[in-house]
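Just so we're clear, the structure is a prediction, and the values are computed from it rather than from any experiment. Chain naming here is simple, since letters A, B, ... match the order of the sequence lines and numbering starts at 1 in each.
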Protein chains: 2
Amino acid sequence: MNGRSALRLAKLQEALASGGTLHLRDAAELCDVSEMTIRRDLTTQDTAISLLGGRLVMANYPGVTPIYDLTEQQASHYQAKYRLCQRALAYIEEGDTLFIDCGSTLMPLLSQLSHFRELTVVTYALNVANAVAALPNVRLVLLGGLFYATSQSFGSDNMTAAIERLGINKALISAAGVDLERGVSCFHFHEVAPKQAAIATAMQRLLVVDASKFSVVRPAYFAALDDFDVVVTDEEGAPQLLKKNGRVVPEIVVPTVTVA
Amino acid sequence: MNGRSALRLAKLQEALASGGTLHLRDAAELCDVSEMTIRRDLTTQDTAISLLGGRLVMANYPGVTPIYDLTEQQASHYQAKYRLCQRALAYIEEGDTLFIDCGSTLMPLLSQLSHFRELTVVTYALNVANAVAALPNVRLVLLGGLFYATSQSFGSDNMTAAIERLGINKALISAAGVDLERGVSCFHFHEVAPKQAAIATAMQRLLVVDASKFSVVRPAYFAALDDFDVVVTDEEGAPQLLKKNGRVVPEIVVPTVTVA
DNA sequence: GCGTTAATGTTAAAATTATAACATTTAGTG
DNA sequence: CACTAAATGTTATAATTTTAACATTAACGC
């Protein structure tokens with residue numbers, strides 16, 4: 001180890017702390033050493049900075065891109081979610097006030113919202129908030145509280161009251177399990193209050209779930225299937241799936257199962 | 001424009017949404033097109049993905065490294081902030097419940113919090129929340145509301161009540177202006193309520209400002225200098241600055257001006 | 001179905017980045 | 001003050017990425 005090396009890394013780390021990248025050339029100049037020395041610092045020492053195409057970037061750093069390569073499989077999962085969201089998008093109209101549920105299901109929808117002139121999004125999820133915060137045309141209301149890392153969302157005891165005060169137009173709800181008899185469920189109990197409150201106040205309720213969630217029951221029940229006006233799903237088989245497995249779903253339960 | 005191109009980008013965007021990088025080679029395989037096509041998508045279309053050393057990374061995307069090159073000057077600015085935060089760090093103790101103000105001043109502090117065993121952070125800023133959300137040892141409480149992009153923070157009418165309910169130990173407050181006669185001020189009015197509430201409830205109040213903020217007045221006044229227990233600043237000259245320019249600062253106003 | 005245009009693929013050359021080997025400087029020691 | 005070893009610098013070479021030009025394929029209108 002070397003004191004100077006550590007000093008250089010600290011300097012570079014702070015330069016990169018709030019994001020951005022630093023070209024190796026500039027980093028070398030900044031520290032007044034050769035590029036090779038910076039290279040060696042980065043490989044020799046234990047550091048959070050990694051070198052990516054000649055540029056220094058922060059890795060494994062809070063809020064900043066961790067540098068690891070996604071496998072193709074990981075990446076390809078998003079296709080299904082994307083298609084699902086494209087269908088949900090059809091229900092969104094100019095000027096809507098949307099409640100967007102937590103989870104990864106609705107994420108692909110968010111970037112599409114930039115095509116509207118003006119919208120409002122209400123959410124209790126950090127990942128959703130981040131995606132929406134980047135859209136200048138969308139007003140963002142985040143319902144805060146204690147952060148739950150597993151679902152990237154917040155929970156608080158006055159979530160229900162906070163949601164009821166808002167004029168939510170359409171609620172886009174996701175779920176981890178949908179079962180004809182046992183209803184709609186999710187993994188985490190703190191999600192129940194916001195989901196139920198949104199369902200209660202929204203004028204239109206959309207359940208957005210891919211077909212793999214059907215006939216699945218998860219720990220936290222939050223709604224019956226017929227609490228929703230629309231079920232947006234991705235596979236042709238899904239409506240059948242809803243009709244089999246127990247008894248036939250009343251027409252009114254899934255008035256608009258959207259199938260491609 | 002091209003529908004397929006947009007589809008590919010959406011797919012890639014979703015793949016990268018949760019961070020990580022994707023090698024151009026893998027991105028091409030994933031979309032079943034040549035690397036050149038992906039390259040063209042990225043340069044032709046308006047997208048948040050950028051190519052860095054042969055890898056796709058999310059740019060200008062919430063919570064993820066924006067890809068722009070820091071100038072040497074910009075880079076060296078962070079040194080000052082880092083040193084400032086190092087001093088503020090000295091006041092933080094194991095188990096504390098910290099109120100962390102919005103702005104960029106306190107950001108370098110957050111990564112240092114990983115060295116504690118257990119802490120709680122209360123904030124109303126999105127960038128702070130993102131940084132803290134990544135720390136497994138820190139409990140995060142985010143005070144939500146309507147999002148203000150200019151300060152990356154939230155404002156709501158029950159912010160004061162929400163803060164008063166929390167047992168905040170130490171308040172770390174930043175400011176855009178500090179003046180002996182005109183007090184401590186910031187740019188945005190929605191920041192006033194949370195700052196004041198935190199100052200009111202916290203057991204210890206720290207004003208963390210670099211010396212460039214002294215003798216500056218900004219639109220939104222929120223506190224007098226002697227509302228704080230400690231002023232953490234970065235330059236040797238700062239205490240003098242506080243004493244000049246009007247009259248002498250009473251000893252009690254700045255009980256612990258921390259100087260290197 | 002043919003012609004036209006846009007989209008995509010292929011290839012080779014140019015530019016950039018990474019690696020390795022060796023030269024030089026610097027710091028510490030007796 | 002010389003000797004040693006670590007740290008840093010330099011150079012050449014290899015690998016990779018970028019760019020540009022041109023070939024091919026697919027989509028669309030008439």
Side-chain angles (χ1 to χ4, degrees), chain A residues 1-13 15-16 20-60 64-72 75-76 79 82-83 86 260, chain B residues 1-16 20-60 64-72 75-76:
Chain A
M1 244 175 290
N2 176 352
R4 296 224 201 121
S5 174
L7 207 89
R8 281 194 296 268
L9 284 173
K11 192 183 219 169
L12 295 172
Q13 181 156 326
L16 296 167
T21 72
L22 198 59
H23 195 102
L24 184 58
R25 164 186 342 117
D26 300 326
E29 206 177 319
L30 184 68
C31 297
D32 208 33
V33 292
S34 71
E35 297 187 10
M36 197 63 221
T37 299
I38 302 287
R39 276 206 138 88
R40 274 194 276 248
D41 287 348
L42 260 35
T43 50
T44 311
Q45 313 292 106
D46 177 39
T47 178
I49 300 171
S50 54
L51 197 52
L52 194 57
R55 264 163 258 239
L56 285 80
V57 300
M58 224 36 166
N60 311 329
V64 178
T65 319
I67 303 305
Y68 59 89
D69 288 335
L70 295 161
T71 65
E72 199 190 328
S76 67
Q79 268 187 280
Y82 177 72
R83 281 201 309 273
Q86 280 301 104
Chain B
M1 245 174 291
N2 177 353
R4 297 228 196 115
S5 175
L7 208 91
R8 282 194 297 267
L9 284 173
K11 190 185 225 173
L12 295 171
Q13 181 157 326
E14 298 325 316
L16 295 166
T21 71
L22 197 59
H23 195 101
L24 184 59
R25 166 186 341 117
D26 300 326
E29 206 176 320
L30 182 69
C31 297
D32 207 34
V33 291
S34 71
E35 297 188 9
M36 198 63 220
T37 299
I38 302 288
R39 276 207 138 88
R40 276 194 274 246
D41 286 348
L42 260 37
T43 51
T44 309
Q45 313 292 105
D46 177 40
T47 178
I49 299 171
S50 56
L51 196 52
L52 194 57
R55 262 164 258 239
L56 284 81
V57 301
M58 223 41 164
N60 309 331
V64 177
T65 319
I67 302 306
Y68 57 90
D69 288 335
L70 296 161
T71 65
E72 199 186 330
S76 63

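Closest of all the heavy-atom pairs between A:H23 and A:R55 is CA-CG, 3.9 Å.
Checking B:E35 against A:R25, the closest nucleotide of DNA chain C that is more toward the 5' end is the one next to B:E35.
When the P atom of D:dT18 is taken as reference, atom CG of B:L56 falls 10 Å away, rounded to whole Å. The CG-P distance, from A:L52 to D:dT16, rounds to 15 Å in whole Å. Between A:L51 atom CG and D:dT17 atom P there is a gap of 13 Å when expressed in whole angstrom units. A straight line from CG of A:D41 to C1' of D:dA6 spans 14 Å, rounded to a whole angstrom. Protein atom CG of B:D32 is 16 Å distant from nucleotide atom P of D:dT25, rounded to whole Å. For the pair A:L24 CG and C:dT19 P, the computed distance is 12 Å after rounding to whole Å. One can place CE of A:M36 at 10 Å from C1' of D:dT8, the figure rounded to the nearest angstrom. In this structure, B:I38 atom CD1 and D:dT19 atom P are separated by 16 Å, rounded to whole Å.
Note on A:S34: a side-chain N or O is less than 4.0 Å away from OP1 or OP2 of D:dG9. For D:dT16, the OP1/OP2 oxygens have no side-chain nitrogen or oxygen of B:H23 closer than 4.0 Å. At the phosphate of D:dT16, neither OP1 nor OP2 sits under 4.0 Å from any side-chain N or O atom of B:R55.
The distance from the CG atom of A:L56 to the CD1 atom of A:I49 is 5.5 Å, given to the nearest 0.5 Å. In this structure, the separation between CG on B:L51 and CD on B:E35 is 9.5 Å, given to the nearest 0.5 Å. Rounded to the nearest 0.5 angstrom, B:L30 CG and B:I38 CD1 are separated by 8.0 Å.
The base of C:dG9 sits within donor-acceptor range of the side chain of B:R40, with an N or O pair under 3.5 Å.
Closest contact between the side chain of B:R39 and the listed nucleotides D:dT18, C:dT8, D:dA20 involves D:dT18. Nearest nucleotide to the side chain of B:T37, out of D:dT18, D:dT8, C:dT8: C:dT8.
For the pair B:T43 (side chain) and B:R40 (backbone), a donor-acceptor distance under 3.5 Å is present.
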